[in-house]
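The structure under discussion appears below in the form of structure tokens.
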Amino acid sequence: MRVIALASTVSLMVLAAACGARGESDATTASGAQLETRPANGQGQTPAFAGQTRAPGVRTEATLVSTVVAAGLEHPWSLALLPDGRWLVTERPGRLRIITADGQKGEPVTGLPAVSARGQGGLFEVAVGPTFASDRLIYWAYAEPREGGNATAVARGRLSDDGAKVETVQVIFRAMPTYDVDKHFGGALAFAPDGKLFITLGERSDAPMRPQAQDLGSHMGKVIRINADGSVPADNPFVQTAGARPEIWSLGHRNVQGVAIRPDGQVWTIEHGTRGGDEVNHDRAGVNYGWPIIAYGIEYAGGAINGGITARDGLEQPVYYWDPVIAPGGATFYEGAMFPGWRGNLLVAGLKEKHIARLVLENDRVVGEERLLTDQGERIRDVAVGPDGAVWAITDETDGKLVRLAKAP
Ligand SMILES: [Ca+2]
Ligand SMILES: [Ca+2]
């Protein structure tokens, strides 16, 4: 405990200095106390470095107001901003809708391929392509029903001028192998500034599948990087490795359901871990993030994972982990105008803990954490930033909502 307390003090000093340097001391204040006070699941486990978990709380001084803009969405999974200010919103059973900023919900867009909508499966993240202004291409990830089971796939298509359908649909990526289970699909997408598409995958959860997270011959438990047309970039880390799937960017993941890319191209992923091991990773080419060899926390069914070891040479540590878990969903970096003090922060949707985690980052460390949008009391699946810098989120409920979080007028 003494180590953690000391770490908090150091982090606070860093944070105070950072705020002062930006001249935005009105934006946030540090409370000094850790937000998380419940007992950890990973009893006896020690963080690899100070501040790797239980960051000190910070608080936004401005009054925040959340507004339900639209409701009646069935387990919405993701939202993406169109250039005209409307939102693309997916619903896990397989629907894609366009919703206006004032809450008018369009009919489901037609032309999407069938999805396997059972368990955690269905329609996942939608992303607006980097060349949308000229070709109107949008991209989406989904659980693809296949002979013998399912797996995550990514398709793209042209959003028709009236937004009613997608045309010339192409499947540009198919995760292999096919497996018959309804868990751990990953399913997050994001484009890097250079136009490369990052896709997150899970390892399908079952004990026999877990080791595939370490197997370069399988896409399971990997983060993927491809060109927008589905071809493999020549500079991917394993293109020269015999037997490796060339689309792999990083390995050793459990179930990555969020990816956020900074304006400078850094890739950050948010991983559903074990009970006590949800992770934030700075996701770099060719790096092994450890699953299922090392992990914080314990099995959901109870019991240690691989003897309870949390570190090993050659296996990357998470930048941050939550124990107890928040069950993270989507994530985005905040660069908006409404909250200048949040710029460079990572916003992470929390399902189980029903909030958006705002993580203050300094040099690949989390030095402050705030829980936003707690007043809705609903599972938050994805988060995005609107044109004016307001934060938008969707809630993973049977009657799911599109919510706008803004500074009080
Ligand atoms: Ca998203
Ligand atoms: Ca890990």
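Numbering starts at 1 and runs along the sequence shown. We count ligands from 1, going down the list as the structure has it; atoms in each ligand are counted the same way.
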Heteroatom N/O/S of Y289 within less than 3.0 Å of the Ca ion (ligand 2):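 A backbone or side-chain N, O or S atom of Y289 is under 3.0 Å from the Ca ion (ligand 2).
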State whether E316 contributes an N/O/S atom found under 3.0 Å from the Ca ion (ligand 2).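 So E316 does not count as coordinating the Ca ion (ligand 2).
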Among the N, O or S atoms of D382, which one sits nearest to the Ca ion (ligand 1)?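 This residue's closest N, O or S atom turns out to be OD2.
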Restricting to N/O/S, name the atom of E125 that gets closest to the Ca ion (ligand 1).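 Of all N, O or S atoms belonging to E125, OE2 is the one nearest the Ca ion (ligand 1).
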In plain terms, say whether E369 and R371 are close enough for a salt bridge, that is, a side-chain N and a carboxylate O under 4.0 Å apart.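 So E369 does not pair with R371 through a salt bridge.
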Ring-face cation of R204 near F185 (centre distance under 6.0 Å, axis angle within 45°):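 Pair R204/F185 counts as cation-pi.
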Quick one about Y289 and E271 (side-chain donor to acceptor, distance below 3.5 Å, no hydrogens or angles considered), yes or no?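 Checked: E271/Y289 side chains show no N/O donor-acceptor pair below 3.5 Å.
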For N288 and Q214, test the side chains for any donor-to-acceptor distance below 3.5 angstrom and give the result as yes or no.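 Side-chain D/A pair, N288 to Q214: present.
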